[in-house]
A.B. asks: 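If you scroll down you'll find the structure; I have some questions about it.
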2 protein chains.
Amino acid sequence: MNPTATTTTCAECKLQAHCLPAGLDAGERDRIDSLMSKRIRVHRGDALYNNGDDFVSLYTVRTGFFKTSVSCDSGREQVTGFQMAGEILGLDGIHTGHHQSDAVALEDAEVCSIRFDRLETVSREIPAMQHHLHQLMSREIVRDHGMMLLLGGMRAEERLASFLLNLAARLRTRGFSACEFVLRMTREEIGSYLGLKLETISRAFSRLAALGIIEVQQKHVRILDIHQLEHVEQEEALAA
Amino acid sequence: MNPTATTTTCAECKLQAHCLPAGLDAGERDRIDSLMSKRIRVHRGDALYNNGDDFVSLYTVRTGFFKTSVSCDSGREQVTGFQMAGEILGLDGIHTGHHQSDAVALEDAEVCSIRFDRLETVSREIPAMQHHLHQLMSREIVRDHGMMLLLGGMRAEERLASFLLNLAARLRTRGFSACEFVLRMTREEIGSYLGLKLETISRAFSRLAALGIIEVQQKHVRILDIHQLEHVEQEEALAA
DNA sequence: CGGCAAGTTGATGACAGTCAAGCCGGGTGG
DNA sequence: CCACCCGGCTTGACTGTCATCAACTTGCCG
């Protein structure tokens, strides 16, 4: 069905440049291939792993779309990220040897699993691989700090604007249209991610649409004026 | 002045158990000692590094207290963490080779600097060291996800309560009193960290004090009822 | 075609932000 | 040694943004 799903090695995979092997030479890449223990299919709505599961492998998304979330004892759930093709899942499990979050497929998906103990072994042999792994983990930390900035102070429309811009940028690097796309998640999931309620997300969409910055029809979004979207704070002042 | 400031090796350092060498055997620890290029003094209010600086080393706090923060173009600043003895600074620099945040001393401090390229070299030789580094980075990711949960949905008093509990726990593992301590940061810095304004922090302190859960006198805090502090959500319902 | 999940929109209210005034405490200089 | 000053903190009154509750619409899938 999906052609990329039939390739079996990183060397043949179109996602190479955005995935774990990014920046490695051919020989090094072949070593990674040797790590890929297996490919796993996850159906829409199913979990790749859950909080508390033993941590064995990292996963790279091959096709499909995931959300990761943490929850506290009082039942509140916080979506911590959305992952698309080429992105890594499972880094939170390294700390204690148990996953500290849930990873759920938002559409039928396929991931490559990489045993972490073997990845460490290969990292010891290939400095580029080692450094690359460290960069990946550091990137996740930097990304999380950006989310803290967003959650700590931004208003609803700013949050949504930066969410859309982030999504657009990630789609663009994968060769998809950056200004027109289909959301894979519900308003409630976006709200959980951005620290808002679903009604507020809905209203923020409507408002950005009314300002002529985007067009929204349910899950279909088109960015009409990316420059204005990047300056939503000012636009808000302008509208007042 | 400070006795720990005169020791020169990890083996002699009292912080061993809470610092980078935690969990390593004596031989491995000696390898870490070989990494410690130098010790750096940072005066209260001075930066250990700033956003954009070249990333060369990680730092472990020896004495003193730091805050790290990121800021966006519109000038808003978000404190991303407070670091005390034994904790690591600088992980955000690995990704791009440039620090992505500021690290400022909240009181006169001393840190050990560890050249990251050398740490990677040693990691390749000592699997335990390698895994330990990965655990450290993963812990930072897990911590950040916890902050996202806090920033995403908690009310002011819950945020302050979990901040105080976290501080208490970290002080306890270092042998300090967990129920009585002096805050090293201002209300404004706490507010930035917790996504609130300083007035709200002040009110939250007053309210927790009025409920008999804590005692506050400026920067001096005493936890009177740690169990109640852990259940502030319920207490709030109770008070209504 | 029916049923249900997801999304929109409106009315109202709560919580934290803003603005403002005053207090406390520590350090400095007369 | 005291008075002053200034940063940090507290408290009050009012406002604004987002949450909540509720009614209704849309669109999808069996």
Side-chain angles (χ1 to χ4, degrees), chain A residues 43-45 67 74-79 104 106-108 150-161 163 182-211 214-221 232-233 235-237 239-240, chain B residues 44-45 67 74 76-79 106-107 150-161 163 182-211 214-221 232-233 235-237 239-240:
Chain A
H43 290 103
R44 174 196 171 98
K67 68 168 175 180
S74 63
R76 200 165 29 215
E77 191 188 44
Q78 170 77 31
V79 171
V104 174
L106 296 180
E107 56 183 14
D108 288 356
L150 180 150
L151 292 167
M154 292 189 189
R155 325 272 240 26
E157 283 161 44
E158 295 179 65
R159 296 185 198 205
L160 186 59
F163 170 70
V182 173
L183 299 171
R184 300 293 143 90
M185 66 294 279
T186 65
R187 301 286 189 262
E188 187 167 15
E189 287 161 339
I190 298 172
S192 171
Y193 184 53
L194 300 179
L196 300 165
K197 294 295 164 187
L198 67 95
E199 296 94 328
T200 305
I201 298 297
S202 183
R203 280 185 239 274
F205 268 124
S206 302
R207 184 114 201 297
L208 291 179
L211 290 170
I214 61 174
E215 260 178 34
V216 188
Q217 194 153 24
Q218 303 284 110
K219 294 193 143 78
H220 191 103
V221 175
V232 167
E233 313 89 68
E235 309 304 331
E236 299 195 59
Chain B
R44 174 197 170 98
K67 67 168 175 181
S74 62
R76 200 165 28 214
E77 191 189 43
Q78 170 77 31
V79 171
L106 296 180
E107 55 183 15
L150 179 150
L151 292 167
M154 292 188 189
R155 328 283 236 25
E157 283 160 43
E158 295 179 64
R159 296 186 197 203
L160 185 59
F163 170 71
V182 174
L183 299 171
R184 300 291 143 87
M185 66 294 280
T186 65
R187 301 286 190 261
E188 188 168 15
E189 287 161 338
I190 298 172
S192 171
Y193 184 55
L194 299 179
L196 300 166
K197 295 294 164 188
L198 67 93
E199 294 94 330
T200 305
I201 298 298
S202 183
R203 281 186 239 273
F205 267 124
S206 301
R207 184 115 200 295
L208 291 180
L211 290 170
I214 61 174
E215 260 178 34
V216 188
Q217 194 154 23
Q218 302 284 108
K219 294 192 142 82
H220 191 104
V221 175
V232 168
E233 312 88 69
E235 307 305 330
E236 298 194 61

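Just so it is clear, the structure is predicted and the values come from calculations on it, not from any experiment. All chains are named by letter (A, B, ...) in the order of the sequence lines, taking the proteins before the strands, and each is independently numbered beginning at 1.
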A.B. asks: Among all residues two or more places apart in sequence or in another chain, which pass the side-chain hydrogen bond (donor to acceptor under 3.5 Å, both in side chains) test with Arg184(A)?
C.D. replies: Glu107(A)
A.B. asks: At what distance, to the nearest 0.5 angstrom, does CG of Leu183(A) lie from CZ of Phe205(A)?
C.D. replies: 5.0 Å
A.B. asks: How long is the span from the NE2 atom in His220(B) to the CD atom in Gln217(B), to the nearest 0.5 Å?
C.D. replies: 8.0 Å
A.B. asks: Is any side-chain heavy atom of Met185(A) closer than 4.5 Å to one of Lys67(A)?
C.D. replies: no
A.B. asks: Among the nucleotides dT10(D), dG17(C), dT8(C), which one has an atom lying closest to any side-chain atom of Leu198(B)?
C.D. replies: dT10(D)
A.B. asks: Tell me the interatomic distance from Phe205(B), atom CZ, to dG8(D), atom P, rounded to whole angstroms.
C.D. replies: 16 Å
A.B. asks: Distance check needed: dG8(D) C1' versus Arg44(B) CZ, whole Å only.
C.D. replies: 11 Å
A.B. asks: Partners of Glu188(A) by salt bridge (charged side-chain N to carboxylate O under 4.0 Å, His left out), sequence neighbours excluded?
C.D. replies: none
A.B. asks: Would you mind reading off the distance between Ile201(B) atom CD1 and dG17(C) atom C1', rounded to a whole angstrom?
C.D. replies: 12 Å
A.B. asks: For nucleotides 3-5 of chain C, list the nitrogen or oxygen atoms of the protein found under 3.5 Å from its nitrogen or oxygen atoms, one pair per line.
C.D. replies:
none

A.B. asks: The helix from dC1(C)-dG30(D) to dG30(C)-dC1(D): angle between its terminal axes, five pairs each, to 10°?
C.D. replies: 30°
A.B. asks: In Å, rounded to the nearest 0.5 Å, how long is the span from CZ of Arg44(B) to CG of Leu106(B)?
C.D. replies: 8.0 Å
A.B. asks: For nucleotides 22-30 of chain D, just jot down a letter per nucleotide in 5' to 3' order: B, S or -, based on protein non-hydrogen atoms under 4.0 Å.
C.D. replies: ---------
A.B. asks: Does Ser206(B) make a side-chain N or O approach to OP1 or OP2 of dT10(D) shorter than 4.0 Å?
C.D. replies: no
A.B. asks: In Å and rounded to the nearest 0.5 Å, what is the CG to CZ distance from Leu151(A) to Arg159(A)?
C.D. replies: 5.5 Å
A.B. asks: Would you compute the distance between atom CG of Leu160(B) and atom CZ of Arg203(B) and round it to the nearest 0.5 angstrom?
C.D. replies: 14.0 Å
A.B. asks: Can you find a pair of side-chain heavy atoms, one from Val216(A) and one from Leu208(A), that are under 4.5 Å apart?
C.D. replies: no
A.B. asks: Within the 4.0 Å heavy-atom criterion, would you say Gly195(B) contacts the bases, only the backbone, or no part of the nucleic acid?
C.D. replies: sugar-phosphate
A.B. asks: Under 3.5 Å, sequence neighbours excluded: what are the donor-acceptor pairs made by side chains of residues 191-201 of chain A?
C.D. replies:
residue   : atom : partner   : partner atom : Å
Ser192(A) : OG   : Glu77(A)  : O            : 3.2
Ser192(A) : OG   : Val79(A)  : N            : 2.9
Tyr193(A) : OH   : Arg143(A) : NH1          : 3.2

A.B. asks: Please state whether the phosphate of dT17(D), meaning OP1 or OP2, lies under 4.0 angstrom from any side-chain nitrogen or oxygen of Arg155(A).
C.D. replies: yes
A.B. asks: Looking at Arg187(B) and Lys219(B), would you say the former's side chain and the latter's main chain have a donor-acceptor pair under 3.5 Å?
C.D. replies: no
A.B. asks: Nearest whole Å is fine: how far is dG8(D) P from Leu183(B) CG?
C.D. replies: 14 Å
A.B. asks: Atom CD of Glu188(A) to atom C1' of dA19(D): distance rounded to whole Å?
C.D. replies: 14 Å
A.B. asks: Using whole Å, what does the distance between atom P of nucleotide dT10(D) and atom CG of Leu208(B) come to?
C.D. replies: 12 Å
A.B. asks: Is the phosphate of dG8(D), meaning OP1 or OP2, less than 4.0 Å from a side-chain N or O of Lys219(B)?
C.D. replies: no
A.B. asks: On the nucleotide dT11(D), are OP1 or OP2 found under 4.0 Å from the side-chain N or O atoms that Ser202(B) carries?
C.D. replies: no
A.B. asks: Please give, in whole Å, the distance from dT10(D) P to Arg207(B) CZ?
C.D. replies: 16 Å
A.B. asks: Taking for each residue the nucleotide of DNA chain C with the nearest heavy atom, is it Arg187(A) or Gly152(A) whose nucleotide lies nearer the 5' end?
C.D. replies: Arg187(A)
A.B. asks: Are Leu150(B) and Phe163(B) packed together at the side-chain level, in the sense that at least one heavy-atom pair is separated by less than 4.5 angstrom?
C.D. replies: no
A.B. asks: Starting at atom NE2 of His220(B), determine the distance to atom C1' of dG26(C), rounded to an integer number of angstrom.
C.D. replies: 17 Å
